[in-house]
Amino acid sequence: MEENLSPHNMSNMPAGNCSYVVEIDIIDQKIQRIAKEARKGQDSSVDSTDPQVEKHVELDELTKLKTRRNELVPISRLPEELLSKFFKLCVRPKKNYYAPMFHRWSWTKVSHICKHWRNVALGCPALWGCLDLTTPTWIPEMLRRSQMAPLVINMPQLLILKPKSADAIKTLEKALGELEMLQAAPLLHTLQLSAKETGDWFAESECIVVLPLDFLGGHTPSLRHVDLQDFHIPWDSSVFRNLTSLKIIHKSTDHAPSLQQLTEILSRMPASLETLELERVLSLANSTTTIKVVQLPRLRSIRLDGDVVSCANLLERISFPSTTTMEFDCVVRYEADALEKASPMLATLSRLRGRMSQAFPSESSLSAMSDLYISCHNPFHVQLPGENGASASWHSGSYWLDFRMLYDTSRNDNLNLRIIEVISPLTHVRVLSLDNPSSTLVNALNQPMVSLDCVHTLHLHGSYLSDIFEELKAFIETEQRFALFPSLKSFSLSEVEFFDYSTETYEDLYLLKDMLVLRSEKAPIESLQLKMCKSLSRKHIRLLREVCQNVEWDREVGVEEESNYADEDESVGKRLSGDEESEDGSSEEMASDEDSMLEFSAIQEAEREYYINRGIPTALLFG
């Protein structure tokens, strides 16, 4: 320290820094002098910071000197607001509630550094608003220090049944009662309560926390946002008034309101509600009384998750703008009459689809909605993007309509077809993404009323796509156009399995090449993308490039050409081009065992290349 404060080093400092460095040097000398006087008659090796030495000196003077010294260091010149922000960065939620307490509360050390830091920390209410019920003795002081800052109360799920947790809750109730926080909350703007514990995935509880009717004293005039996850507040509570955002998620429908109760709740916020999200809080029973339709003119987004009938019942009783973004997750509970059960929701969906022209009247707006995503997985899934034109692929985005219906898609072809019908016509769609398209879906998309003639980009995802490859080959002679997607220019395939292990043939690859050949004569496909496709090798890509020059293959990057494919290329090339004939002269089948062996060899070589590219020893797999 003495070397750093020498006159030689100080002469090299900027002029602005010299003054406080000089003062720090003077203060250090005074502290050393006081400590030296206190050590008279004692061992000179005793350090000046020894507490036994400081007992014999003028503590007030020594404290003042140390305080002044700390005030002069550069970090103490930071504004208190900025220092508070640094302190808040030290406070991180600790998901491991079973770690030692000193680890979970290590951030409190910032209040032990110096007097100035302590004053700043104690004067920052946001630092003390996170209450940990595993340390109940701290709760009263934390509440006092947090003042009016938002409170976050943590209770790990596995500790709920332990005795000290009950003591912690009683302590919290007493402390909040003394602060009159449960009696009224006139300034409360956002109420967010969650009983979920994401860390305890193996201890999912089915219980819902029920709060009293007089929660928050029934007086929350400033409340605008309510977010309840597995918490229930009585439906006639004054909490549900004049809200901007209402989000309620329950594990079950045990506390679901009646349809009349729910519409009454929404009628208390007609001019303010912008966001509505209800999950498993929709009653299965329809109302026998006449319910007036609730107008929600400011609603920007709605999400409903529940039984298909209950979702339809609510949508029939509310009205919102055409521009509202919609997300519906519907469950069809009885598979035997799935179409009948889903009919009310499909009628509502058809009505909403009919309003699309109102929401997007101009061609420019319709072009923003030019993407469509359909999945035949369970649930059946349809996405139409919003005005921002977010891509409607199997990635997340912003959608005008995001509709999922959970039922057995493999046994309800009529329902699959009906869903496509209610969102038709689709004349504005330019980019279409299909996930595991079934033969029923392909037939539905080929109906004249669907009107997908303007699709120029097609994304296909799934293992086996022979049905759609066949449909893409169909040509209408009278109209001189292809029946399905006549304007198709770009074709993308993802995770397709081109080898059929049941027949040991590349049937899908043959169909793809045949389709490209037929289209090349009338309406050529300009680009083909292959992403994460299986059982493909470079020989297959070369053959596809004979009919489509722009073929992109993600496994081709960094792969060098080898010469040991020549024989296989010749054999498989003849097969794909139709030049190789069997003993009976047919070019449609392979009739010799030798050709079958060549086909199998090509498969094995493709698999070998796949494992080599991933650094897997092929000797263990192929010998």
Side-chain angles (χ1 to χ4, degrees), residues 366 370-372 374 376 413-414 416-421 423-434 436-462 464-493 496 498 500 503 505-530 540 543-551 573-582 584-590:
L366 284 174
S370 62
D371 291 11
L372 172 64
I374 303 176
C376 281
D413 292 344
N414 291 334
N416 300 345
L417 178 60
R418 180 62 182 145
I419 294 175
I420 298 301
E421 289 178 352
I423 65 171
S424 298
L426 298 168
T427 54
H428 60 281
V429 173
R430 303 292 184 273
V431 180
L432 178 63
S433 301
L434 302 178
N436 282 278
S438 64
S439 57
T440 304
L441 175 62
V442 174
N443 292 332
L445 295 178
N446 209 4
Q447 300 299 315
M449 65 170 298
V450 179
S451 302
L452 284 169
D453 292 351
C454 294
V455 170
H456 61 67
T457 300
L458 179 62
H459 300 285
L460 296 182
H461 174 266
Y464 301 100
L465 303 174
S466 55
D467 291 331
I468 195 166
F469 288 161
E470 284 283 7
E471 289 294 333
L472 286 170
K473 293 165 56 178
F475 187 76
I476 305 175
E477 292 290 346
T478 57
E479 301 180 16
Q480 286 297 298
R481 71 180 187 89
F482 285 93
L484 187 61
F485 314 136
S487 304
L488 187 62
K489 297 297 181 183
S490 178
F491 200 20
S492 173
L493 301 176
V496 180
F498 279 101
D500 188 341
T503 61
T505 62
Y506 282 88
E507 191 62 33
D508 281 4
L509 188 61
Y510 308 153
L511 291 173
L512 174 60
K513 182 175 181 294
D514 290 345
M515 183 271 293
L516 292 174
V517 170
L518 289 174
R519 291 243 171 182
S520 65
E521 300 173 357
K522 305 289 185 179
I525 292 177
E526 298 175 355
S527 66
L528 172 64
Q529 293 182 332
L530 303 169
H540 301 138
L543 291 166
L544 292 175
R545 283 182 176 145
E546 292 178 2
V547 290
C548 180
Q549 292 185 355
N550 187 12
V551 178
K574 290 180 180 179
R575 169 65 192 275
L576 289 177
S577 61
D579 294 336
E580 184 177 46
E581 297 185 356
S582 61
D584 59 1
S586 171
S587 61
E588 298 295 324
E589 299 179 355
M590 297 186 69

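For the single chain, residues carry numbers from 1 onward in sequence order.
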Would you give the length of the straight line joining atom [atom1] of [X] to atom [atom2] of [Y], rounded to the nearest 0.5 angstrom?
{"X": "F485", "Y": "I525", "atom1": "CZ", "atom2": "CD1", "result": "10.5 Å"}
{"X": "L458", "Y": "S492", "atom1": "CG", "atom2": "OG", "result": "8.5 Å"}
{"X": "L460", "Y": "Q529", "atom1": "CG", "atom2": "CD", "result": "12.0 Å"}
{"X": "I420", "Y": "I374", "atom1": "CD1", "atom2": "CD1", "result": "3.5 Å"}
{"X": "L509", "Y": "L544", "atom1": "CG", "atom2": "CG", "result": "5.5 Å"}
{"X": "E470", "Y": "L511", "atom1": "CD", "atom2": "CG", "result": "5.0 Å"}

Passes side-chain contact (heavy atoms from CB on, under 4.5 Å), V496 versus F498? Steps please.
CA-CA 6 Å; V496 180; F498 279 101; 4.0 Å; yes
Within a radius of less than 6.0 Å around CD of Q549, do more than 12 heavy atoms belonging to other residues, nucleotides or ligands occur?
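Counting neighbours around CD of Q549, 12 or fewer heavy atoms of other residues, nucleotides or ligands fall under 6.0 Å, so no.
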Can you tell if the side chain of [X] reaches within under 4.5 Å of the side chain of [Y], non-hydrogen atoms only?
{"X": "H456", "Y": "L488", "result": "no"}
{"X": "L512", "Y": "L493", "result": "yes"}
{"X": "R519", "Y": "K522", "result": "no"}
{"X": "R481", "Y": "D453", "result": "yes"}

F491 to F469 - nearest heavy-atom pair and separation
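Reported closest heavy-atom pair: CZ-CE2, 3.8 Å.
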Identify the heavy atoms of P437 and C376 that sit nearest to each other, and give their distance.
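Looking at all heavy atoms of both residues, the shortest contact is CA-SG, 4.2 Å.
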Aromatic ring pairing Y506/H540, orientation class (parallel under 30°, perpendicular over 60°, tilted between):
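Because their plane-to-plane angle lies in the 30° to 60° range, the rings of Y506 and H540 count as tilted.
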